[in-house]
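All values derive from a computational prediction rather than experimental measurement. Chain A is the first sequence line, chain B the second, and so forth, proteins listed ahead of strands; every chain is numbered from 1.
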4 protein chains.
Amino acid sequence: MWIPIQINESSAEPLYHQIETQLRSMIVSGQLGEGTLLPSIRELAGSLNCSAITVRRVYQDLENEGLLRTKQGTGTFVSKVEEEQRGTYKQTLVQEALEAAIDSAIAVQYSKEELQALFLEMIEKKYKAAGKGGNAK
Amino acid sequence: MWIPIQINESSAEPLYHQIETQLRSMIVSGQLGEGTLLPSIRELAGSLNCSAITVRRVYQDLENEGLLRTKQGTGTFVSKVEEEQRGTYKQTLVQEALEAAIDSAIAVQYSKEELQALFLEMIEKKYKAAGKGGNAK
Amino acid sequence: MWIPIQINESSAEPLYHQIETQLRSMIVSGQLGEGTLLPSIRELAGSLNCSAITVRRVYQDLENEGLLRTKQGTGTFVSKVEEEQRGTYKQTLVQEALEAAIDSAIAVQYSKEELQALFLEMIEKKYKAAGKGGNAK
Amino acid sequence: MWIPIQINESSAEPLYHQIETQLRSMIVSGQLGEGTLLPSIRELAGSLNCSAITVRRVYQDLENEGLLRTKQGTGTFVSKVEEEQRGTYKQTLVQEALEAAIDSAIAVQYSKEELQALFLEMIEKKYKAAGKGGNAK
DNA sequence: GTGGTCTAGACCACC
DNA sequence: GTGGTCTAGACCACG
């Protein structure tokens, strides 16, 4: 099983956090469906070129959040995520990020109009770059 | 000189970073004009109820960024920020936050339309709460 | 990893600055190559007989200059310095010192000839003392 | 009496030190001859746009070095400097600066030849800029 | 009064 | 083990 995780080692963001964030997104967005068998700790650690202890922590944290479930001697699987929970999760995630962005704009006294213009410009660019035009539920 | 800085003790964000962020915003947005004498290290430390060393670090970091200028035995002043640089600074700040938000939306496969709707809703709410309707150029 | 740093306690030059200067020279001169793992903060502090905070500051300052890169929980490494940048760095360092010397000579109205003679005399002596006759490119 | 002192307020070098250095050079080089009456503390402070206490310290320090002499109610005068002392003074000053420069060159592993070339280039430029071709004793 | 350096030590987060 | 943050306080240098 191959999982597309990007590590930015020059970032100040802790390794384990980068991995968690990406894995969590893939799970709640449904890209990793219920029951999917994740790579073993050693395997993922190897392919990310990081220590096993870091991956161990990631799996542990996500298991504590209820997103993963581990079966002794078998492996780590994606748990069932309720549709309702899924929606809440996604929205919370995005909302918090948007809130931070708007707050920073207010802090430097951007007008609402300026902020909107900047947002519209960026959203076009980024969605195009991501090769997605809109895959709504 | 009184400076309105809010500390969130329960946040995981380091103290010095919270202070830096807020001061930086006030400087690049022009709320603290060139030449303004900031409160002394000990004074600000007292009013924020933190150690002088923490404030010292904040002033030093911002001096390294070129936003402050300090003279021993005299005090710490806001330095000149070119109009052009000011614009860039503000935009970079906001852009990075927006980018992170959009990235997270893409990661959980939000459609462009969903994201836009959420953004428009939130921007209304937050700008109203901030009691500002738009102070564009 | 052992690093040859000399501390002059009786000097008016701040401790952290003495250490920074010497480390910086070793890095830009290539004596500490890219990727070299520096001694841990506590280790260097111990061997220099100074506080860990002082060493921490040194590492941080050099990181801000782009000469070091630190990873939490792992250590502090020498980062990549472009050959071009390396040359510029070295030259700037020496140039500034030379400039100060020439300025002081001009200020006391030394003639160009006197200064040159003094320089030639000293350079012979000091390079002999350093046990180096010239390791040009 | 007008004294050509340049203050660089963006420098990290303390104010009093900048002034002392320049005054000292003018005295030992003979530009300010024995018995010259210096401007009053208030006067110099005014023209340098700094506090009187700073100038007071400068005069005091130079008096302690034996370069100045103060007469109550009359003013501050340049003392007699022995020819021998004058030479020693000048040489020490320049020598120390040169030594620092050569040391820094050795630290970054400049070869003797490289350093010499750089020196010759700079000395030409700076002496030309100073509008002096050589006014030896 | 101001800022600048340094210490000793605590406690946390990361790997 | 590593680095990162923060404290309380001492002492010095500058204006």
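Per the geometry, CD1 belonging to D:Ile7 stands 14 Å off P belonging to F:dC14, to the nearest Å. Rounding to whole angstrom units, CD of residue C:Gln60 and P of F:dC6 are separated by 12 Å. Rounded to a whole Å, the CD1 atom of C:Ile41 is 14 Å from the P atom of E:dT7. For the pair B:Glu20 CD and F:dC6 P, the interatomic distance rounds to 10 Å; values are reported in whole Å. The distance between atom CG of A:Asp61 and atom P of E:dA13, rounded to the nearest whole Å, is 12 Å. Taking atom CZ on C:Arg69 and atom C1' on F:dT2, their separation rounds to 15 Å, with Å as the unit. C:Leu68 places its CG atom 17 Å from the P atom of F:dT2, with the value rounded to the nearest Å. The separation between B:Leu37 atom CG and E:dG1 atom P is 15 Å, rounded to whole Å.
Of the residues near DNA chain E, A:Glu13 and B:Glu63, the one whose nearest nucleotide (by heavy atom distance) lies more toward the 5' end is B:Glu63. Mapping D:Tyr16 and B:His17 onto DNA chain F via the closest heavy atom, the residue that lands nearer the 5' end is B:His17. Checking B:Thr74 against C:Lys71, the closest nucleotide of DNA chain E that is more toward the 5' end is the one next to B:Thr74. If you find the closest nucleotide of DNA chain F to C:Leu38 and to B:Gln72, the one lying nearer the 5' end belongs to C:Leu38.
The backbone N or O of A:Gln72 sits less than 3.5 Å from a side-chain atom of A:Thr74, completing a donor-acceptor pair. Between the side chain of C:Thr21 and the backbone N or O of C:His17 there is at least one donor-acceptor pair closer than 3.5 Å. Of the possible polar contacts, none joining the B:Arg69 side chain to the B:Phe77 backbone as a donor-acceptor pair under 3.5 Å is found.
Taking the side chain of D:Leu15 as heavy atoms from C-beta on, and the options F:dG15, F:dG3, E:dC15, the nearest nucleotide is F:dG15. Closest to the side chain of C:Ser40, out of E:dT7, F:dG3, E:dG3, is F:dG3. When distances are taken from the side chain of B:Ser51 to each of F:dT7, E:dC15, F:dT5, the shortest belongs to F:dT7. With distances taken from any side-chain atom of B:Thr54 to the nucleotides F:dT7, F:dG15, E:dC15, the minimum falls on F:dT7.
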- Message: Dot-bracket for DNA chain E, please. Rules: Watson-Crick or G-U, both distances under 3.5 Å, ( ) within the strand, [ ] when a pair crosses earlier ones, | for another strand, . otherwise.
- Response: ||||||||||||||.
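Within a 6.0 Å sphere centred on CG of D:Asn49, other residues, nucleotides and ligands contribute 12 heavy atoms or fewer. Atom CD of C:Gln6 has 12 or fewer heavy atoms from other residues, nucleotides or ligands within 6.0 Å. The local environment of CZ in B:Arg86 is crowded, with over 12 non-hydrogen atoms from other residues, nucleotides or ligands closer than 6.0 Å.
At a threshold of 4.0 angstrom between heavy atoms, the contacts of C:Ile53 include nucleobase atoms, whether or not backbone atoms are also involved. Counting non-hydrogen atoms under 4.0 angstrom, C:Cys50 reaches the backbone sugars and phosphates but no base.
In the interface, the side chain of B:Arg42 is paired with the base of E:dG3 through a donor and an acceptor atom under 3.5 Å apart.
The shortest distance between the side-chain N/O atoms of C:Arg57 and the OP1/OP2 oxygens of E:dC6 is not below 4.0 Å. For the pair C:Thr70 and F:dG4, the criterion of a side-chain N or O lying under 4.0 Å from OP1 or OP2 is met. In this structure, B:Arg56 reaches the E:dG4 phosphate: one of its side-chain N or O atoms is under 4.0 Å from OP1 or OP2.
Residues D:Ile27 and D:Leu68 have side chains in contact (heavy-atom distance under 4.5 Å, counting atoms from C-beta outward).
For the residue pair B:Glu65/B:Tyr89, the side-chain donor-acceptor check at 3.5 Å is satisfied.
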